[in-house]
Amino acid sequence: MKQSKFALKIKREIPKDADSKNAAFLVSGGYVNKLMAGVYSYLPLGYLVLKNLEEIIRQEMQAIGGQELLLPALAPKENWQQTGRWQDLDILYKFKVANGKEIALNPTHEEIITPLAKSMISSYKDLPLYLFQIQNKFRNEIRAKSGLLRGREFIMKDLYSFHLDDQDLDQYYDKVIGAYKKIFKRSGIGRETVLAFASGGSFSKYSHEFQTLAESGEDLIYLCPKCQVAVNREIIDEVKNCPNCNSNDLEEKKSIEVGNIFKLKTKYSQAFNLSITDRHGDQKTVVMGCYGIGLSRLLATIVEIIATEKKIVWPTEVAPFSVHLISINQDQISEEIYLKLTKQKIKVIFDDRDATPGEKFSDADFIGSPIRIIISTKSITAGGAEVTEVSSGRSKIVPLDKITGLDSLKN
Ligand code: ATP
Ligand code: MG
């Protein structure tokens, strides 16, 4: 991508209504645009990052057998009445359509996928089944806040699993924990993200949250520093010790909930009468689990953890561009290198604009490519291009004909 053609306007100054670091950075960096409280547009730069997160999540879901589908955002009132959540769920957007019928904008999809699964599952041979989607959710949050951390319209990956019995659910649930750990590691927040025990609701003893330690988080967890396992604020009065090693030496930490997983057991399958005939010919209610990750919240969390208000270095797999090629009065040579890099399918953004070096560098800080290549009269005199690994600040001069061979660019 040539920066002169890229639909990107970096504002540099922090918007006045930014209520968080992620909002300040993502809006001024030209990643997103705020339409109203809790509702954002993803601009081309932000959408590249979002797509990368989507791809990481998709790969890890597929690796544990997940099959992707796409469910609608709208649903009839009846589906939500069936579980009582038309009344009970305060964040549910409800409205009347032209013919006077009432409908909902889905905040989650148990009420849609459970009856749908009846058309896909009829015998024990159809189980287990793992279905996921990446889709917009709508929640009438009383206070949409903290930029993309708490939106009214946001993007979620939701996986639903269907099993013959509790034992099969338990095994799969542990596999999902493994997949989630990989997702957060690949997203660059693996070290800061811990598993927290939370309330299981009416149907299970515990659910689990993936909580990223951050001062800007609105959650409180009690972390065992030895096991890196935590207990959520909701259940700390009941569970006073580390669920892993039983230590009572827990530290209070602020955190952001990036993921949440539940053993739903038969809560929804009972409501919708989702049952199968088992191998002995008996009718059995299907056992379910559900597993969410907020992609928009994950994006914001990465920013909260690794950005300053004007600078980020994206984790390799998340970066909108792997390489930022900057020409300082060396447009012709830079153009040749740019063509070579694109030919090799390296994700490169080429700053070919007529701008000062200072402007180019400060914009590059916002775009956050992990590798920066500068071609200037100075670098040519020194023997080639100056290649910098931005996270460590390590630079070296690489001869022009060796640049496309650099291993560090291949991501
Ligand atoms: P919270 O406790 O933060 O309100 P939740 O427990 O209601 O979230 P779930 O229904 O389990 O969340 O949704 C799964 C995931 O979706 C959450 O772990 C979070 O990452 C994300 N998420 C939930 N609500 C929002 C929101 N309003 N904006 C952005 N992401 C959200
Ligand atoms: Mg929660």
Side-chain angles (χ1 to χ4, degrees), residues 19-20 22-23 26 32 34-40 42 46 50 53-54 56-57 61 83 85 88-93 105-113 132-160 173 176-177 179-180 183-184 187 189 192-201 203-204 206-212 214 216-221 230-236 254-264 267-268 288-305:
D19 59 355
S20 56
N22 78 82
L26 292 168
V32 303
K34 185 173 171 182
L35 179 63
M36 58 187 243
V39 181
Y40 288 82
Y42 292 88
L50 194 70
L53 291 175
E54 206 179 292
I56 293 172
I57 292 174
M61 290 297 101
T83 57
R85 292 212 283 184
D88 296 349
L89 205 57
D90 49 359
I91 50 84
L92 187 65
Y93 279 111
L105 261 175
N106 297 316
T108 177
H109 278 77
E110 287 82 4
E111 274 79 354
I112 291 79
I113 201 149
F132 76 98
Q133 64 169 343
I134 295 170
Q135 195 239 22
N136 286 27
K137 300 282 190 262
F138 300 86
R139 293 187 183 182
N140 196 357
E141 302 277 0
I142 303 165
R143 277 187 62 207
K145 58 176 178 183
S146 310
L148 299 188
L149 287 176
R150 185 168 296 286
R152 294 205 163 97
E153 175 175 353
F154 62 96
I155 304 169
M156 197 203 285
K157 181 284 300 172
D158 42 335
L159 165 71
Y160 303 88
Y173 190 86
V176 177
I177 292 179
Y180 271 39
I183 290 168
F184 298 122
S187 305
I189 53 167
E192 294 82 2
T193 304
V194 300
L195 188 71
F197 285 67
S199 148
F203 33 96
S204 303
Y206 298 119
S207 69
H208 290 89
E209 297 167 341
F210 287 80
Q211 293 276 5
T212 306
S216 53
E218 61 176 78
D219 284 17
L220 268 189
I221 57 168
V231 175
N232 180 306
R233 171 168 40 184
E234 310 168 322
I235 62 166
I236 190 67
K254 283 187 176 170
S255 60
I256 302 168
E257 179 201 311
V258 283
N260 203 179
I261 62 178
F262 279 93
K263 290 180 186 173
L264 298 171
K267 183 178 160 91
Y268 293 93
M288 290 174 61
C290 76
Y291 319 85
I293 294 181
L295 274 83
S296 33
R297 186 179 286 183
L298 175 58
L299 168 60
T301 304
I302 298 170
V303 172
E304 291 289 333
I305 297 290

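In listed order, ligands and their atoms are each counted from 1. Atom set for the values below is all heavy atoms of this structure, side chains included, hydrogens, waters and symmetry mates excluded.
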Specify the protein heavy atom at minimum distance from [atom]: its residue, its atom name, and the distance to 0.1 Å.
| atom | answer |
| --- | --- |
| atom 10 (O) of ligand 1 | R139 NH2, 2.8 Å |
| atom 30 (N) of ligand 1 | F154 CD1, 3.3 Å |
| atom 13 (O) of ligand 1 | M156 CE, 3.4 Å |

Shortest non-hydrogen contact between [X] and [Y], atoms and distance:
| X | Y | value |
| --- | --- | --- |
| E257 | Q211 | N-OE1, 3.1 Å |
| G147 | A23 | CA-CB, 3.8 Å |
| S146 | D19 | N-OD2, 2.7 Å |

- Query: Taking only residues two or more places apart in sequence or in another chain, which ones pass salt bridge (Lys or Arg N to Asp or Glu O under 4.0 Å) with K267?
  - Reply: none

- Message: Heavy atoms only: which of A198, G294, G147 lies closest to atom 21 (C) of ligand 1?
- Response: G294

- Message: Tell me the nearest of K145, R143, R150, R297 to atom 25 (C) of ligand 1, using heavy-atom distances.
- Response: R297

- If the plane angle is over 60° it's perpendicular, under 30° parallel, otherwise tilted; pick one for Y206 and F197. perpendicular

- Y180 and H208: side chain donor to acceptor below 3.5 Å: no

[X] contact mode with ligand 1 (heavy-atom cut-off under 4.0 Å):
| X | result |
| --- | --- |
| T108 | neither |
| E141 | side chain |
| E257 | both |

- Message: Heavy-atom contact check, 4.0 Å cutoff: does V258 meet ligand 1?
- Response: yes

- Query: Any non-hydrogen atom of D158 lying under 4.0 Å from ligand 1?
  - Reply: no

Atoms of ligand 1 close to [X] [distance to a heavy atom under 4.0 angstrom, numbered from 1]:
| X | value |
| --- | --- |
| G259 | 18 (O) |
| G151 | 26 (C), 27 (N), 28 (N), 29 (C) |
| N260 | 6 (O), 11 (O), 18 (O) |

- Message: By the definition side-chain contact (heavy atoms from CB on, under 4.5 Å), identify the one residue from T193, I256, L148 that meets it with T301.
- Response: I256

- Message: Exactly one of I183, V258, I134 should register a side-chain contact (heavy atoms from CB on, under 4.5 Å) with I293. Which one does?
- Response: I183

- Query: Counting backbone and side-chain atoms alike, does E257 have an N/O/S atom under 2.8 Å from the Mg ion (ligand 2)?
  - Reply: yes

- Spatial distance of atom CD1 (I221) from atom CG (N232) [nearest 0.5 Å]: 8.0 Å

- Judged by atom type as modelled, is there a donor-acceptor pair below 3.5 Å linking the side chain of R152 to the main-chain atoms of I142? yes

- Message: Does any N or O of ligand 1 fall below 3.5 Å from an N or O anywhere on L148, backbone included?
- Response: no

